[in-house]
Protein chains: 2
Amino acid sequence: MTETAVRRGRPGYDQAGILEVAVAAFNEFGYDATSMGVLAARLGLSKSAIYHHVASKDELLELALGQALDGLEGVLLEEAASTGDAAERLAHVLRGAVRVLTDKLPYVTLLLRVRGNTEVERRALARRRAFDRAVAALVVEARDEGSLRADVDPGVATRLLFGMINSIVEWYRPGGAEGADQLAEDVLTVAFDGLRV
Amino acid sequence: MTETAVRRGRPGYDQAGILEVAVAAFNEFGYDATSMGVLAARLGLSKSAIYHHVASKDELLELALGQALDGLEGVLLEEAASTGDAAERLAHVLRGAVRVLTDKLPYVTLLLRVRGNTEVERRALARRRAFDRAVAALVVEARDEGSLRADVDPGVATRLLFGMINSIVEWYRPGGAEGADQLAEDVLTVAFDGLRV
DNA sequence: GTCTATATTGAGATAGAC
DNA sequence: GTCTATCTCAATATAGAC
């Protein structure tokens, strides 16, 4: 209670608290369209108070993108990502990606909208592409072992898979009718078996 | 050659020419991040020259979104969109959506990134949602007639379908390895039959 | 940790000549 | 149809007090 921070209530933000509000605003209006002014208003602070916690608007973005990318890369490091045949490993990674999307929804949402305008954005895109490439390699492996159909190009298949998964950030909201686990199962069902009866 | 416009070459833009360049820039940097200044530079014009063709930056966006939405809504008006059983109609609309995406790629790309910050954007989102709802109704119908599996919620299924299709704007480029028709077939294959052999 | 200024830059848009 | 100014406003960021 003397020097050590006992964090409660609202005013008296720490960096994580600033970041959470900022990311929500970035997702609502878009990063560029969100001024430090409206951010300050949402925080109930003055603009300059934000600069006590972060050096720039850019740094807010960098911190947020790091959250998302750490989560995704973490999936590839899990044991099940390198255990079993390629189809099993692919299923694990897809399930893991859905889990990270739903767990860190705002951060991943922001990541998926980054265009590469700044150095920070370009570094994030590079990390994201590396993740995508790892999954693409799994798809090729799964096809080569005979688990996946050969009449759809693996590159196209990977992109359609990511299209399905990444689009989740556009509509999934925690506490909705569909839970995150059920959603991951649905994604795998459609991806592997399709919608036809 | 006297009063009538004989349009050739580059300088001496008409509205469509301005729009084409503008949309390319909007897609590259994002709408908000694209200033009228960089737009003018790309056109090889002064900023004020742009205002001879359009009233505002907002109007450029409105014209572009109209192109995309007209195309998508047109698919629903085609005869095959109301002929046959629900699964056949659904297949036609999905194929049509892919065709519009690839034909009007830059315009649809822009549409899919709109957040709803301005009146123009909100009107576009409303039209887009109406299109989505029409497809969702087809999915429900196809499930009810027994063509689609009942163990995936139709709302989720529709969103995953759109996720797959809409993501095409992120990577499809005309003249690439995969043609637009083959791509539409791949989408239908994954959507209906899945990737598993 | 937050405030009230304020510096500075670049945005969207207009006026009026050619 | 395009130009060279120029207006006006809002943006990011800083200075320095409390």
Side-chain angles (χ1 to χ4, degrees), chain A residues 1-23 25-26 28-64 110 115 117-121, chain B residues 1-23 25-26 28-65 110 114-115 117-121:
Chain A
M1 218 55 97
T2 49
E3 287 290 294
T4 54
V6 179
R7 201 152 298 293
R8 46 213 185 303
R10 205 65 25 68
Y13 282 102
D14 60 358
Q15 199 190 57
I18 299 273
L19 185 60
E20 190 181 325
V21 176
V23 169
F26 292 161
E28 195 170 332
F29 308 117
Y31 174 74
D32 289 303
T34 306
S35 70
M36 296 298 268
V38 314
L39 205 51
R42 288 215 163 186
L43 287 159
L45 293 181
S46 66
K47 284 192 292 177
S48 60
I50 301 175
Y51 288 95
H52 178 78
H53 299 277
V54 289
S56 65
K57 191 183 172 186
D58 214 41
E59 188 185 334
L60 280 171
L61 184 61
E62 183 165 32
L63 290 167
L110 196 56
R115 305 297 317 150
N117 285 344
T118 64
E119 253 317 294
V120 164
E121 295 190 5
Chain B
M1 217 52 102
T2 51
E3 286 289 294
T4 53
V6 179
R7 201 153 296 293
R8 47 210 185 306
R10 207 60 28 66
Y13 282 101
D14 60 358
Q15 198 189 58
I18 299 274
L19 186 60
E20 191 182 325
V21 175
V23 170
F26 292 162
E28 195 171 332
F29 308 118
Y31 174 73
D32 288 304
T34 305
S35 70
M36 295 299 269
V38 314
L39 204 51
R42 286 215 163 188
L43 288 158
L45 292 180
S46 65
K47 283 194 291 177
S48 62
I50 300 175
Y51 288 95
H52 179 78
H53 298 277
V54 289
S56 64
K57 189 184 172 186
D58 214 41
E59 189 185 334
L60 280 172
L61 184 61
E62 184 164 32
L63 290 168
L65 299 179
L110 196 57
V114 152
R115 304 297 316 150
N117 286 344
T118 64
E119 254 315 296
V120 163
E121 296 191 3

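Values below: every heavy atom of this structure, side chains too, minus hydrogens, waters and symmetry copies.
- In terms of position along DNA chain C, the nucleotide closest to A/Gly44 lies nearer the 5' end than the nucleotide closest to the other residue of the pair B/Ser35 and A/Gly44.
- With rounding to whole Å, B/Asp32 atom CG is found 13 Å from C/dA11 atom P.
- Here the P atom of nucleotide D/dG1 and the CG atom of B/Leu45 are 11 Å apart, to the nearest Å.
- The interatomic distance linking B/Ile50 (CD1) with D/dT4 (P) rounds to 13 Å, in whole Å.
- Counting to the nearest Å, the C1' atom of C/dC3 and the CG atom of A/Leu43 are 15 Å from each other.
- Here the side chain of A/Met36 is nearest to one of D/dT12, D/dT2, C/dG12, namely D/dT12.
- With A/Lys57 contributing its side chain and A/Thr34 its backbone, the two residues share a donor-acceptor pair below 3.5 Å.
- In this structure, CG of A/Leu39 is placed 14 Å from C1' of D/dA13, rounded to the nearest angstrom.
- Atoms CG and CD, on A/Asp58 and A/Glu121 in that order, are 7.5 Å from each other to the nearest 0.5 Å.
- At whole-Å resolution of the value, NZ in A/Lys57 and C1' in C/dG10 are 13 Å apart.
- For B/His52 and D/dC3, the shortest distance from a side-chain N or O to OP1 or OP2 is not below 4.0 Å.
- A donor-acceptor contact under 3.5 Å is formed by the side chain of A/Ser48 with the base of C/dT4.
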**Request:** Evaluate side-chain contact (heavy atoms from CB on, under 4.5 Å) for B/Phe26 paired with B/Leu60, printing each intermediate quantity in order.
**Result:** CA-CA 10 Å; B/Phe26 292 162; B/Leu60 280 172; 4.1 Å; yes
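- Set against C/dC3, D/dA13, D/dT2, the side chain of A/Ala49 has C/dC3 as its closest nucleotide.
- We find the NE2-CG distance between B/His53 and B/Leu43 to be 8.5 Å, quoted to the nearest 0.5 Å.
- At whole-Å resolution of the value, OH in B/Tyr51 and P in D/dG1 are 18 Å apart.
- The NZ atom of A/Lys47 sits 18 Å away from the C1' atom of C/dG1 (whole-angstrom rounding).
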